[in-house]
Protein chains: 2
Amino acid sequence: MRAGPSQEEIRRHNLGVLLRSVHVHGATSRAELTANLGLNRSTIGALTAELATAGLVTEEIPRDRGRAGRPSLVVRPESEMVYVLAFAIGVDRVTAARVGLGGLVLDRREAPRAPGQAPAEEVVAPLVDLARQMRDLAPAGARHIGTGVAVTPMIRERDGQVRPRAYGSWASDPLSEALTEAIRADVNGDFPIARLGTADLAALAEHTRGVAIGCANVIYLHGDAGIGGGIIAAGRPLTGHGGNGGEVGHMVVNPAGKPCCCGSRGCWETEIGEHALLTAAGRPIGGGAAGIAAVLDAAARGDAEAQTAVRKVGDWLGFGVANLVNIFNPEMVVFGGTLRELYLASAAQVRSRLNRNGLQAYREHVRLRTSALGDDAPLLGAAELAFERLLADPLNDQVTELDSTGTMTAQSGVT
Amino acid sequence: MRAGPSQEEIRRHNLGVLLRSVHVHGATSRAELTANLGLNRSTIGALTAELATAGLVTEEIPRDRGRAGRPSLVVRPESEMVYVLAFAIGVDRVTAARVGLGGLVLDRREAPRAPGQAPAEEVVAPLVDLARQMRDLAPAGARHIGTGVAVTPMIRERDGQVRPRAYGSWASDPLSEALTEAIRADVNGDFPIARLGTADLAALAEHTRGVAIGCANVIYLHGDAGIGGGIIAAGRPLTGHGGNGGEVGHMVVNPAGKPCCCGSRGCWETEIGEHALLTAAGRPIGGGAAGIAAVLDAAARGDAEAQTAVRKVGDWLGFGVANLVNIFNPEMVVFGGTLRELYLASAAQVRSRLNRNGLQAYREHVRLRTSALGDDAPLLGAAELAFERLLADPLNDQVTELDSTGTMTAQSGVT
DNA sequence: GATGATTGTTGTGCCCGGCAACATATCCCT
DNA sequence: AGGGATATGTTGCCGGGCACAACAATCATC
């Protein structure tokens, strides 16, 4: 139950829509914006002027004119001067990026990750270093307007398996908490640091700038040490209770399967995770993405044991995909992280399983794709998440929460 | 990418929010509305005046005053004069209701359903009769402002199993199509007839007026001849591609299970459906809800074979619930239709399975509940769906679609 | 260089909701 | 019974948002 925006909120919303448009689609002429957003020329002019004054966009006279008539000013996001910092803690390395408005990666650095049993501070320290370096290299006057963190579950020392998110919330994940604290103290301004799971952010990135552009219903599957899933439903990230998405990796696909670190058994993760592939191929555990790549490589070269392992794991991959397709009826399933290569190596099994277990109407229109952004998807998703605050309210650095009542009011503006 | 509402849309939206508020929460004083919606007294006054003029609400001086100060006028939905027709095609019977604004069931009738192999027209005919009777009994001047239909998959003649939704869309379901045509011709006005799946509508009803009020993330499971699921995510019904929800009933829970009518095997539906329970209990197939009740009854009385069957089926029920909980992280799971009794009879198995296969953080906060609206949930959901059009735009009978651009405009009103 | 086409700019007006002052209705206390 | 306190409806006015139209600016074409 809530009413709509006040007139001031309309203004803010429209500013946000305009800024988001140039952020996502790149530089756009005012004439196109007028057509795309359905606002009057005069309104578009007022909005862009406001954004330009705020230093968020520039307006330029276009080079190539071509058509008759007065050339329309091109609105371009201030990619160099307005940026966010994005962080991702991977299994074997940590990455950080400075990303400009418009999605331009201005700087990107990575460092090896301290081993699994290292205290959180030790994992976080190099990231803070990277952040400082990037911040210091930013041009004078550039504004840091947000920070995003892709949270990866901790890794169990013993066997490299992923610890399930027993803590329940991304915000209370110890690693990301330590990172947040360090960043807040050393690099960040006062604004909040946005956190979300790796797979959720990769899904967001693929939805915004990757293969899933324009797809309202997407399931993104991320292979890592474990299996994560990010779901976009009706164009929005699907978050369960408390804003923490589900865990498709712990969907039980094989009731007779091996025990999982979560206490259950036969979880999807135990059947298609790194551990499962390596074990099936008779290889030692560990090695991360390289270990998986080695098995896939061996299979491609004709190694029978590896081929059998890939087929088996691919079969379970397809099985889980079929289940998710039946449950969600998505337009696209995207394979990212280590699942990208695994899918490519076992596409036949996956399709076959989907045909066997997926509902006909659903499997016929669902498209299976691999990540377009590759390993940087979570990082780029973290950047997109960090931009959200600005895009929701370009002129006000305060966090905008939706009015709980839902009514639209006029002049109920920020004091 | 779209901007927000025009000023006129603000007005419409606020009218809708106000009307929805009294529709869902019942008669409310203007003072409370002022507080709840966050609008000014004068604005609330103007809005209620407009709705009263349109014949959608009445304003009354309250009886019991109690507090000091001028008593606030009570805004009451015009339950008797503004109504929708709702239809539900069940497995063994068809039901129809006339539901007034505010959710008041003004009239409710049912008729036996023609057997499974009957042509669609034959199934639909009694419903149209009921609709005519109800319409004719409505008071003079009462306005029929919408029609909703709960679509149930067709039933296979041979063994009573549900035909999967191979057609892909509710709108193209043959039965509901026939019903829609008949209603449109004989009873309905010009406005569109809203259709959605039984489980989706029951979920909507439970979310609006049942056990799941206030729960933003709900999974509703409906037992029938098959198993359907309706999912509310972030307060909105989850619809997959093309507006057709997923089919949790065809999630494969038992890769080694029996073949399902959908072509797959070991679908949840085959493990916990009517067919499965009756077979496990060594009873003849058929009988619908009564057959299930008989088994549950026998189990309650100590019949060992029935108890074993209930335990087994309850185990699979819990298994599927655990999977869905892991995938969605909902706040509540609601059991409706025949699953209501089944869950009550096997709650121990369900909880035990959930504890074994559900992630700790999720299973700890998820609440398992039975339907509060009982067998009428789909019917009431259909009514709610039918009201949507009015609530989205109380003064205009045109269908309001969201502007594709997303910008907010002023005076871009309906022509 | 004139014309047509397209777009930016400016001033005006409509509409919406907030706001404040006033009117109204009830309760409570003496 | 009457007056003050309290709460709410009502009315007139105002600010802000966007549409609209007229005008100015710029470009292609002939």
Side-chain angles (χ1 to χ4, degrees), chain A residues 3-18 28-50 52 59-75 395 403 405-415, chain B residues 3-18 28-50 52 59-75 395 403 405-415:
Chain A
S6 67
Q7 292 181 288
E8 185 197 332
E9 284 173 307
I10 292 184
R11 184 64 157 194
R12 274 192 282 179
H13 178 81
N14 284 348
L15 282 168
V17 170
L18 205 166
T28 315
S29 75
R30 273 164 57 165
E32 289 173 274
L33 288 170
T34 302
N36 294 341
L37 304 188
L39 294 169
N40 195 279
R41 285 196 304 221
S42 50
T43 307
I44 293 289
L47 293 174
T48 54
E50 216 159 339
E59 294 191 284
E60 306 170 358
I61 300 168
R63 298 295 178 94
D64 57 327
R65 327 205 212 260
R67 289 177 312 177
R70 178 172 177 172
S72 190
L73 296 177
V74 169
V75 183
L395 301 185
D403 181 341
T405 66
T407 48
M408 303 189 178
T409 60
Q411 299 173 25
S412 68
V414 189
T415 51
Chain B
S6 68
Q7 294 182 287
E8 186 197 331
E9 283 173 308
I10 291 184
R11 184 64 157 194
R12 274 192 283 178
H13 178 81
N14 285 348
L15 282 169
V17 169
L18 206 166
T28 314
S29 75
R30 273 165 57 165
E32 288 174 273
L33 288 171
T34 302
N36 293 342
L37 304 189
L39 293 170
N40 195 280
R41 285 196 302 222
S42 50
T43 308
I44 294 289
L47 293 174
T48 54
E50 215 158 340
E59 293 191 285
E60 307 169 357
I61 299 168
R63 297 296 178 95
D64 58 328
R65 329 207 210 261
R67 289 177 314 176
R70 178 173 179 172
S72 190
L73 296 178
V74 170
V75 183
L395 301 185
D403 181 340
T405 66
T407 47
M408 302 188 178
T409 60
Q411 298 172 22
S412 67
V414 189
T415 50

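Everything numeric here is computed off the predicted structure, so don't read it as measured data. Order of the sequence lines fixes the chain letters, A, B, ..., with proteins taken first and strands second; residue numbering starts at 1 for each chain.
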Nearest-Å distance for atom pair CD1/P, residues A:I10 and C:dC15: 15 Å

Touch class at under 4.0 angstrom, heavy-atom based, for B:T34 against every strand present: nothing

side-chain N/O A:R30 vs C:dG8 OP1/OP2, d < 4.0 Å: yes

Sugar-phosphate, base or nothing in reach of B:L73, heavy atoms under 4.0 Å: sugar-phosphate

Nearest atoms (heavy-atom pairs only) where A:L395 meets A:E50: CD1-OE2, 3.3 Å

Test side-chain hydrogen bond (donor to acceptor under 3.5 Å, both in side chains) applied to A:S29 - qualifying residues, sequence neighbours left out: A:E32

Rounded distance in Å - CG (A:L39) to P (C:dT9): 16 Å

Spacing between B:L18 atom CG and C:dC16 atom C1', to the nearest angstrom: 15 Å

Side-chain N,O (B:R11) to OP1/OP2 (C:dC15) below 4.0 Å: no

Rounded to 10 degrees, the angle between the two terminal axes of the helix from C:dG1-D:dC30 to C:dT30-D:dA1, each from five pairs: 0°

Of A:R41 and A:L47, the one whose closest DNA chain D nucleotide lies more 5': A:L47

N/O (side chain, B:N14) to phosphate O (OP1/OP2, C:dC16) under 4.0 Å: no

For A:A46, all residues meeting side chain to side chain contact (heavy atoms under 4.5 Å, CB included), sequence neighbours excluded: A:R11

From A:T43 atom OG1 to A:I10 atom CD1, the distance as rounded to the nearest 0.5 Å: 11.0 Å

Value in whole Å for how far the P atom of C:dT7 lies from CG of A:L33: 12 Å

Partners meeting side chain to side chain contact (heavy atoms under 4.5 Å, CB included) with A:E59 (sequence neighbours left out): A:R30, A:T48, A:L73, A:V75

Shortest non-hydrogen separation from A:A31 to A:S72 and the atoms involved: N-OG, 2.8 Å

Spatial distance of atom CG (B:L18) from atom CG (B:L39) [nearest 0.5 Å]: 8.0 Å

B:N40 CG to C:dA21 P, straight-line distance once rounded to whole Å: 14 Å

Whole angstrom value for the distance that separates P of D:dC18 from NE2 of A:H13: 11 Å

Sugar-phosphate, base or nothing in reach of A:S42, heavy atoms under 4.0 Å: base

B:S72 vs D:dT8: side-chain N/O to OP1/OP2 distance below 4.0 Å: no

Which pairs, protein N/O on one side and nucleotides 26-30 of chain D N/O on the other, fall under 3.5 Å?
residue : atom : partner : partner atom : Å
D:dT26  : O2   : A:R70   : N            : 2.9
D:dC27  : OP1  : A:R65   : NH1          : 3.4
D:dC27  : O4'  : A:G69   : O            : 3.3
D:dC27  : O2   : A:G69   : N            : 3.2

Residue met sooner reading DNA chain C from 5', once A:G45 and B:I44 are mapped to nucleotides: A:G45

